[in-house]
Amino acid sequence: MNMWHEGQARNRTWYSFNLRATDTLGDLAAETDDLPTVQIVETSPQESGAVEIPPAGAPATRTEIRLPVIEKHSAAYQEVPRTAPIQIWEGRVVSVDRKKGIMEVLLSAKFGEVPDHTGEISLEWVVEQDAGLVVPGAIFYWTLYKETKRGSISNSQELRFRRLPSWSRTQIENMRVEAEKILARIRSQDQANPS
Amino acid sequence: MATAASIEMLTSAIVVVGDFNPSIYSPDWLEGSQLIGAADADGARQHENLVLTKQVSKVESEWFILDVLQDRFSLTSKGPVAPTLRDLAVGIFSLLPHTPVRAIGLNFMAHYKLSKDDDWHRLGDTLVPKTVWRELYKDEKLNIGMADVTVLVQEGKREEGPTSGALKRLSVQPSAKVKNGVYFALNDHHPIDIKKGDSSMPGEVVVSVINDHWQRTWDEALAVFAGVIERACG
């Protein structure tokens with residue numbers, strides 16, 4: 001059983017380009033109040049309102065808790081910076097040189113007919129929370145994307161390592177017991193039907 | 001894709017319908033289970049939108065929003081869509097394989113900006129021809145426009161009906177975020193139906209669907225969205 005798990009890292013670099021020096025820059029965020037409603041389907045995204053909870057340390061009073069309201073807003077209604085991927089590479093760490101502060105990687109592009117290629121990435125792009133997860137074989141995703149915020153457009157990048165949960169001792173024990181049961185069944189079947 | 005449009009915004013959401021205990025899905029649990037890093041967990045704990053109750057939980061970080069109600073689990077991307085969203089959903093359901101689930105939807109939503117004003121009208125006129133409506137609303141002072149179109153794609157011939165509960169819903173609307181823009185949404189819906197005697201656990205089936213379909217649905221969404229624009233706008 002593979003106990004080893006990959007980590008997650010994130011870093012951002014902003015490169016500002018005057019990609020569209022036209023009047024479209026300020027026109028991107030055109031929002032109206034008359035939003036079309038999206039038919040609610042059970043596995044489509046929905047918006048939910050906030051639940052109010054009393055602040056910590058508040059005097060003990062009777063406080064009404066309002067459950068969230070499920071509203072028929074389309075995802076278009078969210079007020080967040082707009083991002084669209086330009087290219088995503090799935091990378092695998094080939095080797096790590098901590099003295100030099102670099103990792104050698106193998107990159108596979110998601111979009112377009114781009115052949116796999118190797119490269120070196122500085123460890124400065126790996127955030128502290130994931131530094132210990134940079135080991136040979138670790139998988140990461142390097143995303144180059146366009147970000148539009150309040151009328152400005154920039155190219156940005158993020159590096160995130162893949163995270164998989166580690167198994168608890170109970171889970172490992174349960175799997176061991178299950179495996180033994182399966183093995184016993186196979187053995188008894190072999191004895192019943194010798195080839 | 002031809003230069004008729006540019007994609008301005010892409011988001012993804014993995015939605016699962018079933019029976020959940022929202023109070024489980026806390027930043028502490030996500031960090032303790034090594035599904036997110038320490039900094040992400042700290043950010044989520046301090047986030048103004050954090051909610052943790054028996055009926056509802058909302059955990060928000062820089063790159064995802066996790067909303068869990070007692071009958072619904074929703075994991076939505078924040079910032080650029082990346083396979084880490086898939087990995088997080090897979091990790092959660094791997095650790096909670098006994099969660100009763102009934103269906104899963106893999107969703108991709110995008111806003112495109114059309115390069116020409118005429119293209120915006122042309123797309124609406126292609127998907128919703130105005131001929132019928134003009135015959136009913138003859139007054140030329142009235143403007144008739146497309147507000148929403150939803151198409152279902154299912155296996156099975158029309159005359160025989162669907163052969164499974166799996167289906168895809170494609171929606172097209174004018175964009176509320178992008179001027180002269182169009183909003184697309186693809187919902188790839190999979191019912192989870194575990195038969196008696198089947199040793200698979202519900203969470204394992206969810207993991208399997210996500211691993212098998214998420215990437216494919218992403219590719220399909222971009223291809224279909226671009227395909228609609230190309231065919232409508234030329």
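Each chain gets a letter, A, B and so on, in the order its sequence line appears, and its residues count up from 1. The shown structure was predicted, so the numbers you read here are calculated from the model rather than taken from an experiment.
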Engineer: State, with a plain yes or no, whether a side-chain heavy atom of Pro85(A) is found less than 4.5 Å away from one of Trp218(B).
Structural biologist: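 With C-beta onward as the side chain, the pair touches.
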
Engineer: Show the nearest heavy-atom pair for residues Glu8(B) and Thr148(A), with the distance to one decimal.
Structural biologist: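 Reported closest heavy-atom pair: OE1-OG1, 4.0 Å.
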
Engineer: Is the shortest heavy-atom distance from the side chain of His111(B) to the side chain of Arg82(A) under 4.5 Å?
Structural biologist: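 No, side chains not in contact.
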
Engineer: Check step by step if side chain to side chain contact (heavy atoms under 4.5 Å, CB included) holds for Val16(B) and Thr43(A).
Structural biologist: CA-CA 6 Å; Val16(B) 183; Thr43(A) 59; over 6 Å; no

Engineer: Heavy-atom pairs under 4.5 Å with chain A are the metric here; pick the option from Pro83(B), Ala185(B), Gly105(B) that has the most.
Structural biologist: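 Maximum pair count with chain A is reached by Pro83(B).
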
Engineer: Is there a side chain to side chain contact (heavy atoms under 4.5 Å, CB included) between Thr84(B) and Arg162(A) once you walk through the steps?
Structural biologist: CA-CA 6 Å; Thr84(B) 40; Arg162(A) 190 181 199 192; 5.8 Å; no

Engineer: So Arg163(A) and Asp87(B), do their side chains get closer than 4.5 Å, heavy atoms only?
Structural biologist: no

Engineer: Step by step, work out the side chain to side chain contact (heavy atoms under 4.5 Å, CB included) result for Gln34(B) and Leu164(A).
Structural biologist: CA-CA 7 Å; Gln34(B) 296 173 27; Leu164(A) 294 172; over 6 Å; no

Engineer: Search all heavy atoms of Ala39(B) against all heavy atoms of Gln129(A) and return the closest pair with its distance.
Structural biologist: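 Minimum heavy-atom separation between Ala39(B) and Gln129(A): N-OE1, 2.7 Å.
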
Engineer: Carefully, step by step, assess Leu10(B) and Thr83(A) under the rule side chain to side chain contact (heavy atoms under 4.5 Å, CB included).
Structural biologist: CA-CA 6 Å; Leu10(B) 178 70; Thr83(A) 58; over 6 Å; no

Engineer: Of the non-hydrogen atoms in Asp219(B) and Lys110(A), which two are nearest, and what is the gap between them?
Structural biologist: OD1-NZ, 2.6 Å

Engineer: Test your reading of the model: is there a side-chain donor-acceptor pair from Glu158(A) to the backbone of Pro80(B), 3.5 Å cut-off?
Structural biologist: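 Pair absent, no side-chain N/O of Glu158(A) close to backbone of Pro80(B).
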
Engineer: Do Leu222(B) and Phe111(A) come within less than 4.5 Å of each other through their side chains, counting heavy atoms only?
Structural biologist: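 Yes, their side chains come closer than 4.5 Å.
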
